[in-house]
Amino acid sequence: MSYLQDLIAFFEDSGIADSIRENDILFPTIESVHVIAICLVIGSILVLDLRLLGFASTNRPVGRLSRAVLPVTWGAFAIAVSSGFLLFISNATKYLANGYFDAKLVLICAAGLNMIVFHAISAKDLPQWEKQKSPPLRARIAGALSILLWIAVVACGRWIGFTMQVL
Amino acid sequence: MLTLTGFSKWLAATSLSHTIQTVTWIIPTIQTIHILCVAIVFSSAVLVDLRIFRVFERDEPLREVARRFLPPIWPVLLVLLVTGSLLIIGEPRRSLVNTTFYLKMALLLVAIVLTATLQRMALASPGVFEDRSRQMAGRALATLSILVWCGILFAGRWIAYTQAG
């Protein structure tokens, strides 16, 4: 635990963190990039979630659609995590003490876990049903869960802004 | 004389504005809905732009991709109009006397015209940007679309940092 605290302190005391804290333009700029990336993560994953629910893109096989959508999602996710990390280190201690921030991290992990479980277990027989208009219940549950988790992620993100003063 | 500052003051004194200001969960909730809708509109437009660049769903004709992604933008924009209006009513001075807000609205106007044009062209003929002569035009429009939508999101976040004291 103390090792983790040292690591966080190392980042928080770094020159980059200091610049983001002190510079008037840097924080909002990184934040804007963060919002753009999150929007693309959520919008693109929603395409897949709605397909799993049988609500949209029903003429597209699930496997093909996910191969088209997920590279966009992962690319945007990488940008969201990098920009989020920079925002985090600018005030790491305060962020960690904020319940909504911690909840947001847990919810993102839950969304990832939902995806892993779906791909590793629920989608094993994907070729058998990927062309069906309405996929089996376990796929629909994964889609619904993903939508709910990402909505909660955005809500937490917004509540962070109202429950801590960074600047 | 009716000025924007005067109008903002009047708006802030209405009972609806008072409710939005004083009930603490209302603004973050509306903002959450607003961002989720922005995510839908932004991603829909960008995915079609990526299809024009042939990096997304190449195996589907542009017309089919555009038919799936562009029409849903319009009803979601209406939701954004409602949530955006409520946010303005709650904190009129934050946006109505803020240049960044008007920049966002100007960019939104460009994005609407651009997206409507793309939708009309893509739905009218199946391979509209596929032949070499039109390919450059398609890519120029797609690039402009990505830049303008990113500009809208940028300006949206900056409204919070440029509001008058």
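A, B, ... follow the sequence lines: proteins, then strands. Residue 1 opens every chain.
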Trainee: Chain B heavy atoms under 4.5 Å from A:Ile151: which part of the residue, side chain, backbone, both or neither?
Mentor: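 Answer is both: backbone and side chain atoms of A:Ile151 are under 4.5 Å from chain B.
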Trainee: How close do B:Pro28 and A:Arg158 get, heavy atom to heavy atom, and via which atoms?
Mentor: O-CG, 3.9 Å
Trainee: Do A:Leu148 and A:Ile108 land in one hydrophobic cluster if side-chain heavy atoms of ILVMFWY residues count as linked below 4.5 Å?
Mentor: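 No, it is not one cluster - the side chains of A:Leu148 and A:Ile108 are not joined through contacts under 4.5 Å.
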Trainee: By a 4.5 Å heavy-atom criterion (distance strictly below it), what part of B:Ile35 contacts chain A: side chain, backbone, both, or neither?
Mentor: both
Trainee: Would you say CG of B:Leu147 has more than 12 non-hydrogen atoms from neighbouring residues, nucleotides or ligands within 6.0 angstrom?
Mentor: yes
Trainee: Check for me, please, whether B:Leu144 and B:Ile52 land in the same ILVMFWY cluster - side-chain distances under 4.5 Å, paths through other members count.
Mentor: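 In one cluster: yes.
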Trainee: Using heavy atoms and a sub-4.5 Å threshold, report which of residues 54-81 of chain A line up against chain B, by residue number.
Mentor: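 If one takes a 4.5 Å heavy-atom cut-off, the residues of residues 54-81 of chain A near chain B are A:Ser57, A:Asn59, A:Arg60, A:Arg64, A:Leu65, A:Ala68, A:Val69, A:Val72.
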Trainee: Heavy-atom cut-off 4.5 Å, strictly under: side chain, backbone, both or neither for B:Phe154 against chain A?
Mentor: both
Trainee: A side-chain contact here means heavy atoms from C-beta on lying under 4.5 Å apart; do A:Val47 and B:Ser43 qualify?
Mentor: no
Trainee: In terms of heavy-atom proximity below 4.5 Å to chain A, should B:Ile33 be classed as side chain, backbone, both, or neither?
Mentor: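 When you check distances to chain A, no heavy atom of B:Ile33 falls under 4.5 Å.
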Trainee: Residue by residue, scan residues 116-123 of chain A and write down, ordered by number, those that have a heavy-atom distance under 4.5 Å to chain B; if none do, write 'none'.
Mentor: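 Heavy-atom contacts from residues 116-123 of chain A to chain B are absent.
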Trainee: Just verifying a value: how many Å separate A:Leu40 CG and B:Leu47 CG, rounded to the nearest 0.5 Å?
Mentor: 6.5 Å
Trainee: What are the two closest heavy atoms between A:Trp159 and B:Thr32, and how far apart are they?
Mentor: CZ3-OG1, 4.0 Å
Trainee: Would you say that more than 12 heavy atoms from the other residues, nucleotides or ligands in this model lie under 6.0 Å from the CZ of A:Phe10, or not?
Mentor: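 Not buried by this count: 12 neighbours or fewer within 6.0 Å.
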Trainee: Does any heavy atom of chain A fall under 4.5 Å from the side chain of B:Thr24, the backbone, both, or neither of them?
Mentor: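 Neither part; nothing is under 4.5 Å.
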Trainee: Can you tell which part of B:Trp25 gets under 4.5 Å to a heavy atom of chain A, answering side chain, backbone, both or neither?
Mentor: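 Both backbone and side chain of B:Trp25 come within 4.5 Å of chain A.
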Trainee: Report yes if some heavy atom in the side chain of B:Tyr161 is under 4.5 Å from a heavy atom in the side chain of A:Ile25; otherwise report no.
Mentor: no
Trainee: Is the count of non-hydrogen atoms from other residues, nucleotides or ligands lying under 6.0 Å from A:Arg138 atom CZ greater than 12?
Mentor: yes
Trainee: What distance do B:Leu50 atom CG and A:Ser44 atom OG have between them, rounded to the nearest 0.5 Å?
Mentor: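 The CG atom of B:Leu50 sits 10.0 Å away from the OG atom of A:Ser44.
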Trainee: Between CD1 of A:Ile36 and CD1 of B:Ile146, what distance do you get to the nearest 0.5 Å?
Mentor: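 Between atom CD1 of A:Ile36 and atom CD1 of B:Ile146 there are 11.0 Å.
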